[in-house]
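Computed from a predicted structure; not experimentally measured. So that the names make sense, note that chain A is the first sequence line, chain B the second, and so on, each numbered from 1.
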Protein chains: 2
Amino acid sequence: MPKSKRLMEMMMVVNQKRKFTVRELAQEFGISQRTVLRDLQELSELGVPLYSEVGPHGGYRVLKERILPPIAFTEEEAIAIFFATHALRHYTSLPFETESSSALGKFYYYMPEDVRARIDQMKSRVDFVTPMRQTGSPYLALLLDAAVQQKVLSIDYESRGGRSEREVQPIGIYTKNGFWYCSAYTFSYQSIRVYRCDRIHNVLPSPTEPLPSIRSLNLDTMDLNHSPGLEEPKIELAVELSKEGVELCEAEIWSAPYVRKREDGAGSMEGEIPRSEIPYLAKFFIGLGQDARVQRPQELVDRIRQMLSVLVDQYGG
Amino acid sequence: MPKSKRLMEMMMVVNQKRKFTVRELAQEFGISQRTVLRDLQELSELGVPLYSEVGPHGGYRVLKERILPPIAFTEEEAIAIFFATHALRHYTSLPFETESSSALGKFYYYMPEDVRARIDQMKSRVDFVTPMRQTGSPYLALLLDAAVQQKVLSIDYESRGGRSEREVQPIGIYTKNGFWYCSAYTFSYQSIRVYRCDRIHNVLPSPTEPLPSIRSLNLDTMDLNHSPGLEEPKIELAVELSKEGVELCEAEIWSAPYVRKREDGAGSMEGEIPRSEIPYLAKFFIGLGQDARVQRPQELVDRIRQMLSVLVDQYGG
DNA sequence: ATAATAGTGACAACTATTGTCATGGTTATT
DNA sequence: AATAACCATGACAATAGTTGTCACTATTAT
């Protein structure tokens, strides 16, 4: 085998075995140990992060870093990857221990000049914004690890009611609108709850046995907005909207699917909502003022009236 | 230079010039043309997508695809890149013409086995969610292109008041909370406005001369929430917050920096706000109900009272 | 101590790489 | 139709690089 090809192959082999000895490689490639040593040095010079230890149980290792063999990306693909990774800079916490900037640097460095120029021009003209929060979420990596390995954790959580310990078996973590959430089976409630990660004040391994039935659950099969299994009774919602009201509701994630627009631009909103949403909806529709007229359910109308009377008291009629 | 190194270098050179002739390369590397031909064939066999055309003005070309030479990513970096790119699947519209999935496929394919395994496990347990909107934004690529090249466009925009044509010079586009926005100098207003890209119904090149002073503006130097140059007079805000109020305000992007927390969990909010924000703030603080007591400015209190009286009329006291 | 491992240097044998030359083919330009 | 600018391939001797072997050193776990 010609040397140049051998080097490429060796790159791959070395990547897969993380640990190996010179003798092993020599046998595998059918060359002398001396040559293997020479080759490994060349790989080193080419940037493969090898290091070696002498003595029994010694050998070569590839450091935590790995090599990706030459990958052919189209220009558009490279750009997409660049900007996606660039967007990570908006996150104060990530579940990976990484300065994503170092990865970007490498990526960027190896791009053909003209692609790099194009990226430079675009860099200050496209952005994927995520609301930046000041509160960090230090336990993301631990929670994710527990989800992957299906371990039970004991977390110190600050909910509305105050701080408390709970045993949870994490299903997964996700970020949305600048916050990180952890969806987890909670033993004390015997159901799945969502926790905001920045309100988790401590995480410890727990001796509790993990529930095997939770293992097969994951984020893809879950609706990230509601806890499954908590099938709440739904009640009917009916709201009249002005033209402005229509626009505002279409801009809201949860409400957009329910909005019906009439020809004149005004419209209505109809759909089924869980009863537990009433407090939120009351606030929401009060915020819309004249642009929304809630008609049903009566409970929502009552709630709005009640809130109004409190407010009137507070601010003086 | 040893052949193996020459091949690596040639990979890079060939990547940068998209078009080249055998003679050029021969001179550049100080080798014979015959050797260049042999090398190019090897590169071909190694996967570099070369093709050649004979005759005058012929020569070699690298197809649209490019090669990235071996890049050393740490495991964590590779994972971060993977998930960042994976997150793009939540977007219905992107300014790049790409199936980011193809790039991901390649990336994934070339990873060492155990990293791939780790990603597999994590894939369904981490996510970067972006609200998925039904409305697409078909002109993103055009708008971005105009921003990069500083061209003037004539857009057909649907604002509150209805549809109208306007001449704009885009500064950049960004996505936030599921929508794409385009920040652009608008000739008819002689100021910078932000447009929601899904409300842009048509985009045409305009013969208007671009303003050179806009060229130097970009998204990084802009506050994405406000138009620059519009230095509005600020007025003082003072609000008392209950414990719940503190939590709610800390969860809100704009208000979080102003919140002061006291020992008992309750707190206050103080800061300067532009007068134009009063309508928004009125809605916001009404939504907080008893958990917020606005004290200053008086204009805000008045506005709240006014809104309340309208609401009381509407829903019956 | 011993055995297992990496690391270096020297050198002859070997092999691959290279340049040159010869030849042929395609295509745009004149 | 001639020409010039390209790519393409084969043959072969000169050269340059690669390889294996051997001899030696150094480190470390057992």
Side-chain angles (χ1 to χ4, degrees), chain A residues 1-67 69-70 72, chain B residues 1-67 69-70 72:
Chain A
M1 178 166 18
K3 188 189 173 194
S4 46
K5 302 209 174 183
R6 195 180 63 223
L7 282 178
M8 298 280 184
E9 281 204 25
M10 197 173 285
M11 222 184 218
M12 315 239 204
V13 169
V14 144
N15 255 324
Q16 283 178 1
K17 315 172 175 283
R18 298 187 65 163
K19 200 187 163 189
F20 56 91
T21 67
V22 174
R23 184 201 308 252
E24 263 172 58
L25 280 195
Q27 283 179 353
E28 202 162 326
F29 283 93
I31 54 178
S32 72
Q33 298 194 26
R34 185 66 183 85
T35 305
V36 169
L37 281 167
R38 284 192 273 243
D39 284 358
L40 288 178
Q41 192 178 330
E42 281 205 46
L43 284 189
S44 250
E45 283 162 16
L46 280 169
V48 185
L50 297 170
Y51 94 110
S52 57
E53 276 173 356
V54 296
H57 306 302
Y60 268 88
R61 295 183 186 236
V62 189
L63 294 186
K64 195 181 161 199
E65 278 108 45
R66 310 305 190 77
I67 298 304
Chain B
M1 180 171 10
K3 189 188 171 194
S4 45
K5 302 208 172 182
R6 197 180 60 225
L7 282 178
M8 298 281 184
E9 281 205 25
M10 198 173 285
M11 227 184 214
M12 314 233 208
V13 168
V14 144
N15 257 323
Q16 285 178 0
K17 317 172 175 283
R18 298 188 66 163
K19 199 187 163 190
F20 56 91
T21 67
V22 174
R23 184 202 309 252
E24 264 172 56
L25 281 194
Q27 283 179 353
E28 202 162 326
F29 283 93
I31 54 178
S32 72
Q33 298 194 25
R34 186 67 185 84
T35 306
V36 169
L37 281 168
R38 285 191 274 242
D39 283 358
L40 289 177
Q41 191 178 332
E42 280 206 46
L43 284 189
S44 250
E45 282 162 15
L46 280 171
V48 184
L50 296 170
Y51 91 111
S52 58
E53 276 172 358
V54 295
H57 305 302
Y60 268 87
R61 294 180 185 242
V62 188
L63 295 185
K64 190 183 163 200
E65 276 107 48
R66 310 304 191 76
I67 296 303

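For Lys19(A) against His57(A), the heavy-atom pair with the smallest separation is NZ-O, 3.3 Å. Across all their heavy atoms, Thr21(B) and Gly58(B) have their closest contact at CG2-O, 4.4 Å. Shown here for Ser4(B) and Leu7(A), the closest heavy-atom pair between the two residues is CB-CD1, 4.1 Å.
Regarding Leu37(B), its CG atom lies at a distance of 18 Å from the P atom of dA22(C), rounded to whole Å. Summarising the geometry, the separation between NZ on Lys5(A) and P on dT15(C) is reported as 19 Å, rounded to the nearest angstrom. For the pair Phe20(B) CZ and dC6(D) P, the computed distance is 13 Å after rounding to whole Å. What separates CD of Gln41(B) from C1' of dT18(C) is a distance of 15 Å, to the nearest Å. Rounded to whole Å, atom P of dT26(C) lies 18 Å from atom OH of Tyr51(B).
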Protein-proximity profile, nucleotides 11-25 of chain D, B/S/- by nucleotide at the 4.0 Å heavy-atom cutoff, equals -------SBBB----
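Separating the CD atom in Gln33(A) from the CD atom in Glu24(A) is a distance of 11.0 Å, to the nearest 0.5 Å. Taking CG from Leu50(A) and CD from Gln41(A), the interatomic distance works out to 10.5 Å, rounded to the nearest 0.5 Å. Once rounded to the nearest 0.5 Å, the distance linking CG of Leu37(A) with CG of Leu25(A) reads 9.5 Å.
With contacts defined as side-chain heavy-atom distances shorter than 4.5 Å, the pair Leu40(A)/Phe20(A) qualifies. You'll find the side chain of Lys3(B) reaches within 4.5 Å of the side chain of Asp39(B), heavy atoms only. Put simply, the side chain of Glu28(B) reaches to within 4.5 Å of the side chain of Lys17(B), judged on heavy atoms.
Put simply, Ser52(B) has a side-chain N or O that comes within less than 4.0 Å of OP1 or OP2 on dA8(D). Look at Thr21(A) and you won't find any side-chain N or O under 4.0 angstrom from OP1 or OP2 of dA4(C).
Across residues 53-61 of chain B, Glu53(B), Val54(B), Gly55(B), Pro56(B), Gly59(B), Tyr60(B) each have a non-hydrogen atom less than 4.0 Å from an atom of DNA chain D (numbered order).
Enclosure of atom CZ in Arg38(B) by more than 12 non-hydrogen atoms of other residues, nucleotides or ligands within 6.0 angstrom is indicated.
With axes fitted over five pairs at each extremity, the angle between the ends of the helix from dA1(C)-dT30(D) to dT30(C)-dA1(D) is 40° (10° resolution).
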side-chain contact (heavy atoms from CB on, under 4.5 Å) assessment of Phe29(A) paired with Thr35(A):
CA-CA 10 Å; Phe29(A) 283 93; Thr35(A) 305; over 6 Å; no
